[in-house]
**Student:** 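Pasting a structure here, questions to come.
When a residue number appears, it is its place in the shown sequence, counting from 1.
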Amino acid sequence: MHRWLRRAAGLGLSGCALAAVLIPGPAASGLARRVASGGEIVVGAEQEPDCADWIASCAGSSWGVFTMQEQTMPRVFDVVARGRQWVYTPSLLMAGPPVLSTDGGTQVVRYPLNPRAVWSDGAPITSTDFRYTWDQIAHGTDIFDRTGYDRIASVDDSDPHTAVVTFRTSFAGWRQLFGGVYGIYPSHLLQGRDRDNAMKDGYSWSGGPFKVQAWDKGVDVVLVPNPAYWGPRPKASKITFKFLTDTAAEFQAFQGGEINAAYPAPEPDAVRSIKAGLTDASSLVNADTGNIEGLWMNNAVFPLDSVAVRQAIAYSIDRNAIVRLLFGPLGVSGPSNSLNPPILAPYSDQHAFAGYHLDLAKVRQLMTGDGWQRVGGLWQKNGRTAQLTIVSTAADKRRELTEQVLQAQLRRAGFALTVQNRDANTLFGQILPAGSYQLGLYAGVATDLDPGLCTVFCSSNIPTAANGHSGSNYTRTSIPALDPLLQQVDTDNNDATRVQASKAADRILAAQQVALPIDPLPNIAIWSKRVSGVRGDNPVYGMFWNLSQWQLQ
């Protein structure tokens with residue numbers, strides 16, 4: 001699903017490539033051993049979800065996906081490794097692959113459902129659940145993102161075992177629908193009810209391998225096997241996600257045996273610990289991710305409403321130095337040069353932002369050409385000073401270090417930078433949607449295997465009262481030449497022309513300097529050698545994509 005998600009302190013980015021590298025963890029060899037079923041596994045979770053209504057605007061946390069959504073919500077496609085690529089494959093919900101037809105110019109997808117697929121109460125999962133899910137997303141209020149669903153004209157549920165989805169206009173990313181970070185909802189339990197009220201604080205039903213046994217706010221989420229699940233039963237008897245929002249405390253808990261696994265943000269403490277080696281533990285570092293750490297600019301507020309000023313800021317920053325400082329020990333030494341994540345490389349111009357490097361002469365040229373004068377070390381124009389404020393998530397040591405470097409670099413270039421970090425819920429739930437910021441430092445996290453940045457850069461997706469504040473264009477980007485290209489990426493079923501449009505859009509984003517990509521934000525996973533079944537880092541579902549296979553020896 002094209003949408004923004006936040007990972008610990010970041011946001012998820014729409015789209016992912018069809019070619020991500022699988023880095024298997026050392027414990028993968030343990031799959032060959034037969035270990036007795038059972039065991040209670042405790043996992044560190046660096047962020048607590050805001051809510052559990054996955055289509056609502058409050059559900060912007062990737063940790064909501066990791067802890068509950070991906071383990072309980074049925075979906076059409078799974079994201080799995082095939083050789084060294086990540087691909088879509090029909091899930092156990094399907095009786096066979098969904099069938100796409102474009103006869104007569106109308107796009108139709110038929111979804112044959114597995115007759116064995118049931119909800120945890122034993123009720124079958126039917127085509128009516130597809131129709132209900134579409135209707136809630138396309139026509140409901142307070143929806144995080146309607147992309148794709150708003151192109152559906154109808155869902156025929158006359159055959160309970162086959163959902164027939166007819167599109168109003170073509171949608172190339174149709175595979176991301178009825179899955180991803182939304183899933184499919186049980187119409188027999190929710191029809192006629194306030195869905196958000198029924199789900200936001202957790203729910204007891206499930207269409208996946210696990211059920212949510214309890215969500216103790218501020219403490220943990222506990223999963224137990226779903227006894228009605230028609231696929232392979234989970235091997236662990238219980239999975240507890242314990243909320244440990246401080247990375248240093250999370251590592252202490254891991255080393256002390258309080259938790260058995262963690263998926264920490266790559267903060268300095270985590271980098272040092274991984275580099276030094278962990279006792280009786282396995283780990284992996286993956287820089288070929290669906291992540292983009294960026295300096296996101298509010299294009300609608302002074303002085304960032306000037307292209308020249310945004311470009312001057314980009315030329316004030318030494319991104320190479322920042323990346324080497326943060327991730328050099330992990331072998332990541334170069335900045336990202338596209339606002340698409342690394343695994344979207346086939347659909348992006350990975351050199352689009354390469355021209356932005358530290359160049360103070362270029363800063364002077366751009367600023368003076370835009371009517372600014374340097375007075376007392378800072379740029380001024382019409383009595384106003386180039387005073388900038390940056391916001392990120394509080395208590396994030398890596399981002400605090402990044403902000404300190406940015407402050408020094410921008411000061412040398414004539415910009416003053418003030419840091420006003422806030423808690424994640426306030427930042428992503430209030431500040432960014434309202435546009436009440438200048439600069440934001442956070443990460444994009446891929447949520448599916450389809451390219452597409454329209455959700456986050458098309459002008460129609462700027463959150464406003466008119467669209468129910470459901471858009472994810474937090475940078476307030478509004479570029480007439482950009483919208484048609486990004487819309488083509490969403491709609492064009494010809495992959496070659498889709499690639500061309502996506503790369504052209506990348507170059508416009510760079511020329512207008514709407515935001516500055518910094519680094520690929522590598523993923524880190526660690527787990528005790530007592531835990532078997534961990535099989536690497538999934539670009540959509542994290543290290544938890546095969547959680548049902550995990551066991552505690």
Side-chain angles (χ1 to χ4, degrees), residues 1-4 12-16 18 54-57 59 75-77 88 97-111 127-158 162-185 187 344 347 446-464 466-473 482-495 497-499 501-502 505:
M1 180 67 201
H2 286 317
R3 62 184 295 189
W4 286 96
L13 183 65
S14 66
C16 218
L18 296 175
W54 310 118
I55 66 177
S57 61
R75 53 184 179 262
V76 169
F77 286 102
Y88 286 120
V99 179
L100 170 68
S101 170
T102 55
D103 294 342
T106 300
Q107 179 171 314
V108 178
V109 181
R110 296 177 180 273
Y111 298 91
S127 57
T128 302
D129 298 322
F130 280 68
R131 183 165 62 84
Y132 171 82
T133 301
W134 159 67
D135 182 64
Q136 289 292 299
I137 299 171
H139 306 122
T141 59
D142 191 34
I143 303 302
F144 201 104
D145 180 27
R146 305 180 198 274
T147 302
Y149 295 94
D150 56 0
R151 298 178 185 273
I152 295 174
S154 64
V155 177
D156 182 351
D157 63 342
S158 56
T162 305
V164 181
V165 178
T166 301
F167 287 78
R168 183 177 296 105
T169 59
S170 62
F171 183 59
W174 63 271
R175 291 176 183 82
Q176 69 188 257
L177 304 179
F178 303 106
V181 293
Y182 278 0
I184 297 166
Y185 287 67
S187 58
L344 193 55
Y347 291 91
T447 61
D448 58 66
L449 296 182
D450 269 293
L453 292 176
C454 188
T455 298
V456 292
F457 289 122
C458 278
S459 57
S460 60
N461 290 317
I462 297 174
T464 64
N467 62 17
H469 300 284
S470 60
S472 301
N473 184 349
L482 180 66
D483 287 356
L485 291 170
L486 293 180
Q487 290 163 2
Q488 182 180 357
V489 175
D490 280 355
T491 61
D492 195 341
N493 283 302
N494 183 313
D495 201 54
T497 53
R498 194 182 190 199
V499 168
S502 185

**Student:** Considering non-hydrogen atoms only, spot the tightest contact between T497 and Q488 and give its length.
**Tutor:** O-NE2, 3.7 Å
**Student:** side-chain contact (heavy atoms from CB on, under 4.5 Å) with T128: which residues, sequence neighbours excluded?
**Tutor:** T126, R131, D157, S187
**Student:** Is any side-chain heavy atom of F171 closer than 4.5 Å to one of I152?
**Tutor:** no
**Student:** Please give me the minimum heavy-atom distance between I55 and Q136, naming the atom from each residue.
**Tutor:** CD1-CB, 3.9 Å
**Student:** Distance check, rounded to the nearest 0.5 Å: L453 atom CG versus L486 atom CG?
**Tutor:** 6.0 Å
**Student:** For D129, is there any backbone N or O sitting under 3.5 Å from a side-chain donor or acceptor partner on T133?
**Tutor:** yes
**Student:** Under 4.5 Å between any side-chain heavy atoms of Y182 and R75, yes or no?
**Tutor:** no
**Student:** Report the residues that fulfil side chain to side chain donor-acceptor pair (under 3.5 Å) with S460, sequence neighbours left out, ordered by chain and then residue number.
**Tutor:** none
**Student:** List for me each residue that meets side-chain contact (heavy atoms from CB on, under 4.5 Å) alongside D156, sequence neighbours excluded, and say none if there are none.
**Tutor:** S158, V164
**Student:** Ring pair (Phe, Tyr, Trp, His ring centres under 6.0 Å) with Y185: which residues, sequence neighbours excluded?
**Tutor:** none
**Student:** Evaluate the side chain to side chain donor-acceptor pair (under 3.5 Å) criterion for residues D142 and S57: first the C-alpha distance (whole Å), next the side-chain angles of each, then the deciding distance (0.1 Å), finally the verdict.
**Tutor:** CA-CA 6 Å; D142 191 34; S57 61; 2.3 Å; yes
**Student:** Could you tell me which residues satisfy side chain to side chain donor-acceptor pair (under 3.5 Å) with R110, sequence neighbours excluded, listed by chain and number?
**Tutor:** none
**Student:** Which residues pass the side-chain contact (heavy atoms from CB on, under 4.5 Å) test with S170, not counting sequence neighbours?
**Tutor:** Q107, T491, N493
**Student:** If we only count heavy atoms from C-beta on, is the Y347 to D495 side-chain gap below 4.5 Å?
**Tutor:** yes
**Student:** Quick one: pull up CZ in F130 and OH in Y111 and give me the separation to the nearest 0.5 Å.
**Tutor:** 7.0 Å
**Student:** Any heavy-atom pair between the side chains of V76 and P98 that's under 4.5 Å?
**Tutor:** yes
**Student:** For Q487, enumerate each residue passing the side chain to side chain donor-acceptor pair (under 3.5 Å) test, keeping only those at least two apart in sequence or located in another chain.
**Tutor:** none
**Student:** Do the side chains of Q176 and Y88 get nearer than 4.5 Å, heavy atoms only?
**Tutor:** yes
**Student:** Is there side-chain contact between F178 and W134, with at least one heavy-atom pair below 4.5 Å?
**Tutor:** yes
**Student:** Please round to the nearest 0.5 Å and tell me the distance separating atom CG of N473 and atom OG1 of T464.
**Tutor:** 10.5 Å
**Student:** Mind checking what makes side chain to side chain donor-acceptor pair (under 3.5 Å) contact with S459, not counting sequence neighbours?
**Tutor:** D483
**Student:** Rounded to the nearest 0.5 Å, what's the gap from CG on D490 to OG on S502? Could you check?
**Tutor:** 10.0 Å
**Student:** Would you confirm whether D150, through its side chain, and G148, through its main-chain N or O, come within 3.5 Å as a donor-acceptor pair?
**Tutor:** yes
**Student:** May I ask you to decide if I137's main-chain N or O and R146's side chain share a donor-acceptor pair within less than 3.5 Å?
**Tutor:** yes
**Student:** Please enumerate all residues that pass side-chain contact (heavy atoms from CB on, under 4.5 Å) together with S154, with sequence neighbours excluded.
**Tutor:** T166
